[in-house]
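Report on one structure; see the data block that follows.
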Amino acid sequence: MTSLLFNPSDYDPRHFDAETRRLLRATIDWFEQRGKRTLVEKYHAKEFHADFLEFAAKENLFATLLTPAADAKGDPDKRWDTARVAALSEILGFYGLSYWYPWQVTILGLGPVWQSANPAARERAAKLLADGGVCAFGLSEKDHGADIYATDMVLTPDGEGGYRATGGKYYIGNGNVAGVVSVFGRIEGVEGPDAYVFFVADSRHENYHLVKNVVPSQIFVSEFRLEDYPVTADDILHTGPAAFDAALNTVNVGKFNLCFGGIGIAEHAFYEAITHAHNRILYGHPVTDFPHVKAQFVDAYARLVGSKLFCDRAVDYFRSANPDDRRYLLFNPVTKMKATTEAEKIIALLTEVVAAKSFEADSYLTVAATDIRGLPKLEGTVAVNLALILKFMPNYLFAPTEYPPVPTRHDAADDEFLFRQGPARGLGKVQFHDWREAYRTFVHVPNVERFALQAEGLAELLMTAPPSAEQQKDLDFLLTLGELFTLVVYGQLILEQAELTGVDPLVLDQIFDTFVRDFSGYAVALHGKPSTTLPQQQWAVGQIRKPVVDAERFAHVWSQVESLSGAYEMRP
Ligand SMILES: Cc1cc2nc3c(=O)[nH]c(=O)nc-3n(C[C@H](O)[C@H](O)[C@H](O)COP(=O)(O)OP(=O)(O)OC[C@H]3O[C@@H](n4cnc5c(N)ncnc54)[C@H](O)[C@@H]3O)c2cc1C
């Protein structure tokens, strides 16, 4: 059986071109040759990942994968191809968030640049990448968190057509080394949204002051200040409402990588956990003989495979997006909040099993257990993304429309639409293809059928006992409703990917076993909310379903899990 999980030992992504395959392989080989001891020692020593940046520069890794075709000066290997960006995100996550993060914030830093029509700024960024440099995204400020409208980075006109920028930024990754720092601010003397501006700064400029690393970590998440920093026309990326759209559209592109980072972390942790537990003998038996341990591993495996299926399918919608097909705007926050919280659950299950091993200085699990909690919180918390997801719910459930089929997108296309997404508003108007189709295709899989009934139940709740005007203002109530809805969307794309790739129906059944239980759990949570009405409470109780039990199916999935013991171990 081919493993459904990424395994560095036999990784061979034949769907990519030769140079992409070479780069991905070279990255894996770099980590493997460096070895696990070095990986974890540097992590615990909080040693900045300068050696990784050197490797990336030498191989042209970021330049090749992050320069759009329009800025590639004819280099046939350079393009922005979400499928290979996702593949590298997974590989880097596999070896640790410390290596995924500088890549991720380079992507974010490039977002406002590749969306800009300023040729000088684009050329500078392309050259910086070609020279092995990295970028940063300067949006957050110490006092304002998610409230990006309230920026205190102020640009004052200098009387000669340029500006002087003064203000601080906080939590800015790569802010210690980036040659292109995309900074969000506002222009002094201009009122409202017209004041917004995105411009480029350089961390090496004398008016750029690095204050500190905000986090105690291998990564550098900077606080910096600009004092009277000169900003010329060549540095201005966007002004007015377009600057705000550029911020949101950049996060749209960037936050898509968080799910793949989380999947990579969970995969590495999985190999380590199953190999440890399966070979540890307690009372004369392997730890994996305990029924609860088997159940935890099977649950973690089902969640991990489910997450991979969803995120891989979401790549296709990302790459096929256009002004008339903005379905990716729903699937993206689902990757962000759902796939990353699933990764957290997987690590929680694995560390529950291995217990002390996940505290040891030489375990990857120790690193994973610490880092995994970052993904659901960064670039928009779970709550922020759920609030976004809810905007799509009415049209998704009740107003399906026809679209041409979206095939698997592994072709070597340049995803240029991502940098001309247009205004970020109008989410409630986006329409979807009929979600019921995917569920109908797999109605023969017992737990898909059972979960589909729960999904129908959600539609029924919204028709018969919808949230009142009061409840529609109560985010605490709505977020639980959002969790129920998210599961329906999550299941749909998993089924689509299962059909495209021919996933083992027994594994699929096990995945939906977890969803039937999760849906029941969220229904109970809704039942307990202070404002839930009697009909809503009755509905919630009616949604508590037991998954279809099948001992043979469980044994079959367990045998897949068991086969992963010893299937991969990082070179010491
Ligand atoms: C390791 C790390 C790296 C980072 N890297 C970068 C970077 O490179 N560049 C950058 O610009 N920023 C970066 N950030 C900042 C990060 O994106 C912040 O977490 C973000 O700005 C939100 O701020 P906050 O976490 O302080 O939460 P707050 O904004 O203070 O939110 C507090 C609470 O309010 C809730 N909330 C806020 N708004 C809403 C809403 N609209 N709907 C529902 N609930 C809401 C949140 O869910 C949260 O629970 C980084 C942060 C960290 C920790």
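All residue numbers refer to positions in the sequence shown, counting from 1.
A distance of 11.5 Å separates OG1 in T250 from CD1 in I107, rounded to the nearest 0.5 Å. Interatomic distance, CZ of F297 versus CD of E562, reported as 11.0 Å (0.5 Å rounding). Summarising the geometry, atom CG belonging to D415 is positioned 3.5 Å from atom OG1 belonging to T82; distances are rounded to the nearest 0.5 Å. Interatomic distance, I281 CD1 to N279 CG, rounded to the nearest 0.5 Å: 7.0 Å. Here the straight-line distance linking atom CG of L526 with atom CD of Q537 works out to 9.5 Å at 0.5 Å rounding. To the nearest 0.5 angstrom, L487 atom CG is 9.5 Å from L458 atom CG.
With hydrogens and angles left out, the side-chain atoms of H278 and T288 include a donor and acceptor closer than 3.5 Å. In the model, D504 has a side-chain atom that pairs as donor or acceptor with a side-chain atom of H556 under 3.5 Å. One side chain, E32 or Y95, offers a donor N or O that lies under 3.5 Å from an acceptor on the other. Inspection of the S320 and D325 side chains reveals no N or O donor paired with an N or O acceptor under 3.5 Å. Side-chain contact, Y396 with Q492: a donor N or O sits under 3.5 Å from an acceptor N or O.
Here F94 and Y568 bring their ring centres to under 6.0 angstrom of each other. In summary, the aromatic rings of Y490 and F515 are positioned with their centroids under 6.0 Å apart. Between F392 and F485, the distance from one ring center to the other does not fall under 6.0 angstrom. Aromatic ring centres of Y328 and Y317: separated by at least 6.0 Å.
In this structure, R450 forms no cation-pi arrangement with F512, as its terminal cationic atom is not both closer than 6.0 Å to the ring centre and no more than 45° off the ring axis.
A donor-acceptor distance shorter than 3.5 angstrom exists from the side chain of Q454 to the backbone of Q543, with no hydrogens or angles considered. A distance-only check finds a donor-acceptor pair linking the side chain of R84 to the backbone of R79 [under 3.5 Å]. At distances below 3.5 Å, not a single donor-acceptor pair connects side-chain atoms of R22 with backbone N or O atoms of D17. Although no hydrogens or angles enter the test, the distance criterion places a donor-acceptor pair under 3.5 Å between the side chain of N213 and the main chain of I219. No side-chain donor-acceptor contact under 3.5 Å links Q510 to the backbone of A302. The backbone N or O of K336 lies less than 3.5 Å from no partner atom in the side chain of N385, so there is not a single donor-acceptor pair. Using a distance-only test at 3.5 Å, with no hydrogens or angles considered, no donor-acceptor pair links the side chain of T335 to the main chain of F256. Under a 3.5 Å cut-off, the side chain of T532 and the backbone N or O of K529 do form a donor-acceptor pair. With hydrogens and angles disregarded, no donor-acceptor distance shorter than 3.5 Å links the side chain of S363 to the backbone of F359.
Looking at heavy atoms from C-beta onward, V443 lies out of side-chain contact with R440 at the 4.5 angstrom threshold.
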| request: Evaluate ring pair (Phe, Tyr, Trp, His ring centres under 6.0 Å) for H292 paired with F290, printing each intermediate quantity in order. | output: CA-CA 6 Å; H292 67 289; F290 283 120; 5.2 Å; yes

| message | Could you walk me through whether T20 and T64 satisfy the side-chain contact (heavy atoms from CB on, under 4.5 Å) test, starting with their C-alpha distance in whole Å, then the side-chain angles of each, then the deciding distance to 0.1 Å, before giving a yes or no? | response | CA-CA 9 Å; T20 304; T64 307; over 6 Å; no

| request: Apply the test salt bridge (charged side-chain N to carboxylate O under 4.0 Å, His left out) to residues R373 and D371: give CA-CA distance (whole Å), side-chain angles for both, the deciding distance (0.1 Å), then the verdict. | output: CA-CA 5 Å; R373 53 185 281 276; D371 284 349; over 6 Å; no

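The shortest heavy-atom contact between R313 and T408 is NH1-N, 4.4 Å.
By the side chain to side chain contact (heavy atoms under 4.5 Å, CB included) test, T486 pairs with V334, M337, K338, L386, I389, sequence neighbours left out.
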